[in-house]
Amino acid sequence: MTGRRAERLGDLATYAVACLLVMLFAAPLLWLVSLAIRTPAEVFLGAARFIPQEPTLANFEQILTDRAFGRYLWNGIKLCALGATGALLVSVPAAYVFSRRRFRGASALMLGILTVQMVSPLVLLIPLYRYMERLGLLETHAAAAGVYMALGVPLSVWMLKASFDAIPRSLEQAAAVDGCTPAQILCFITLPLAAPGMASAFILNMLMGWSQFLVPFILLSRDQLQPISVAIFNFAGSTSSSTTQLLAAACVITVLPAIAAFLALQRLIVGAVMAGAVKG
């Protein structure tokens, strides 16, 4: 009885801490939603009234019908999709080699790849700017998407290697006996089985790219090329108290897709991250 009671108390403590963490992270988002559905007059009330007396969706309508906002939104989606696709194209063959081939220094290389993931882009911004300038790629989406891709490759390699490790090699060996080439085995047997891991890597790269700010802020100064994250920052720098509700509405529209995608696909993402973790 004492052991069960202690276990229950431990569970209650865990749930209590989890609830506190949820409240800590949810409070700013709820406050943002509160500002987004206010009229200009109610914005001046500040924290005196959390729930608006006259909530309105006019701010969202104004933002969504703005052509400039649509362009910023499209730029963000474009950069994220290009970066995630490029990272996947580079990571698939690399992860497959690490999973299926045994060679000297493989563990050190995998550790090196993980170490690269820990390097902050802030450290590389100045040399990265000069490098892109010499290549003539400044003010182009190709430059920003290339950096997105490079930032996403390390995590993608680790995730995809775990997915490939979980696929029995006997399937590939049987296909080889039937006369399939290595390329055919990879394309028609291994990749379809690793599709959940590939989808998870793509989604995570999209989410990381969606939250990216420093790279496009440095490489893209032209207004028509900027993604939504940079555009909102520029708008916040020029906004006044009379347009705070519009800024909040734009932020909510920007944040909600990422939250919705993660909540809808969290099982797929967690499953891919944990694939192969307990193998062997």
Side-chain angles (χ1 to χ4, degrees), residues 28-29 32 35-36 59-60 62-91 113 116-157 201-240 243-262:
L29 182 60
L32 193 65
L35 289 175
N59 300 321
F60 293 99
Q62 183 173 346
I63 289 296
L64 290 174
T65 55
D66 190 313
R67 291 185 177 181
F69 182 82
R71 183 177 66 247
Y72 299 140
L73 203 61
W74 166 246
N75 288 339
I77 295 173
K78 178 183 176 182
L79 289 174
C80 293
L82 289 175
T85 302
L88 210 59
L89 291 175
V90 173
S91 302
I113 292 174
V116 171
Q117 183 73 44
M118 300 177 184
V119 178
S120 172
L122 183 61
V123 180
L124 305 174
L125 281 180
I126 295 178
L128 183 64
Y129 180 88
R130 295 177 64 91
Y131 181 70
M132 292 298 179
E133 183 181 26
R134 291 186 179 183
L135 292 177
L137 293 177
L138 281 180
E139 305 299 338
T140 65
H141 281 167
V147 179
Y148 282 26
M149 179 186 72
L151 294 175
V153 165
L155 178 62
S156 299
V157 170
F202 182 84
I203 294 167
L204 283 179
N205 279 310
M206 286 285 293
L207 293 177
M208 289 192 300
W210 190 253
S211 62
Q212 186 60 248
F213 170 77
L214 287 175
V215 172
F217 181 74
I218 295 297
L219 299 180
L220 304 172
S221 61
R222 293 168 56 187
D223 181 73
Q224 60 268 31
L225 296 176
Q226 292 175 349
I228 187 64
S229 56
V230 179
I232 287 179
F233 174 79
N234 292 336
F235 181 70
S238 60
T239 188
S240 63
T243 55
T244 300
Q245 72 281 359
L246 296 178
L247 176 62
C251 291
V252 170
I253 295 173
T254 304
V255 169
L256 284 182
I259 296 177
F262 183 81

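As the structure is a computational prediction, the values presented were derived from the model and not from experiment. Hydrogens, waters and symmetry mates are skipped; everything else that's a heavy atom, side chains included, is used.
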(request) Could you tell me which non-hydrogen atom of Gln224 sits nearest to which non-hydrogen atom of Arg222, and how far apart they are? (result)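 Result for this residue pair: NE2-NH2, 3.0 Å.
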
(request) Would you name the heavy atoms of Thr140 and Leu225 that are closest together and state the gap between them? (result)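 The pair with the smallest heavy-atom distance is N-CD1, 4.4 Å.
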
(message) Is any side-chain heavy atom of Val230 closer than 4.5 Å to one of Asn75?
(response)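 Heavy-atom side-chain distance check fails, nothing below 4.5 Å.
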
(request) Check the pair Met149 / Val90 against side-chain contact (heavy atoms from CB on, under 4.5 Å), numbers first and verdict last. (result) CA-CA 9 Å; Met149 179 186 72; Val90 173; 4.2 Å; yes

[X]: partners by side-chain hydrogen bond (donor to acceptor under 3.5 Å, both in side chains), with sequence neighbours left out:
{"X": "Ser221", "value": "Glu139"}
{"X": "Gln212", "value": "none"}
{"X": "Tyr72", "value": "Asp223"}
{"X": "Asn205", "value": "Ser156"}

(message) I'd like to check the ring pair (Phe, Tyr, Trp, His ring centres under 6.0 Å) partners of Tyr129; sequence neighbours left out, ordered by chain and number.
(response)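 Ring pair (Phe, Tyr, Trp, His ring centres under 6.0 Å) check on Tyr129 returns nothing, list empty.
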
(request) Identify, with sequence neighbours excluded, every residue that meets ring pair (Phe, Tyr, Trp, His ring centres under 6.0 Å) alongside Phe69. (result)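 Here no residue qualifies.
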
Separation between [atom1] of [X] and [atom2] of [Y], rounded to the nearest 0.5 Å:
{"X": "Leu207", "Y": "Ser211", "atom1": "CG", "atom2": "OG", "result": "7.5 Å"}
{"X": "Ile63", "Y": "Leu73", "atom1": "CD1", "atom2": "CG", "result": "11.0 Å"}
{"X": "Leu214", "Y": "Leu219", "atom1": "CG", "atom2": "CG", "result": "10.5 Å"}
{"X": "Leu246", "Y": "Phe60", "atom1": "CG", "atom2": "CZ", "result": "10.5 Å"}
{"X": "Leu79", "Y": "Trp210", "atom1": "CG", "atom2": "CH2", "result": "10.0 Å"}

(request) Evaluate the side-chain contact (heavy atoms from CB on, under 4.5 Å) criterion for residues Leu247 and Ile232: first the C-alpha distance (whole Å), next the side-chain angles of each, then the deciding distance (0.1 Å), finally the verdict. (result) CA-CA 7 Å; Leu247 176 62; Ile232 287 179; 3.7 Å; yes

(message) Test: salt bridge (charged side-chain N to carboxylate O under 4.0 Å, His left out). Region: residues 140-152. Which pairs qualify, not counting sequence neighbours?
(response)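 Residue pairs with at least one partner in residues 140-152: there are none.
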
(request) Quick one: which residue pairs count as a side-chain hydrogen bond (donor to acceptor under 3.5 Å, both in side chains) with a foot in residues 77-91, not counting sequence neighbours? (result)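 The answer is Lys78-His141.
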
(message) Would Ile218 and Leu128 count as a side-chain contact (heavy atoms from CB on, under 4.5 Å) here? Give the steps.
(response) CA-CA 9 Å; Ile218 295 297; Leu128 183 64; over 6 Å; no

(message) As a quick check of understanding, evaluate side-chain contact (heavy atoms from CB on, under 4.5 Å) for Leu82 and Tyr148, giving each step before the final call.
(response) CA-CA 8 Å; Leu82 289 175; Tyr148 282 26; over 6 Å; no

Can I get a per-line list of side-chain donor-acceptor pairs under 3.5 Å for residues 130-138, giving both atom names and the distance, sequence neighbours left out?
none

(request) Tell me, please, which residues at least two apart from Ala248 pass side-chain contact (heavy atoms from CB on, under 4.5 Å). (result)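 Partners of Ala248 under the side-chain contact (heavy atoms from CB on, under 4.5 Å) test: Leu32, Leu35, Ala36.
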
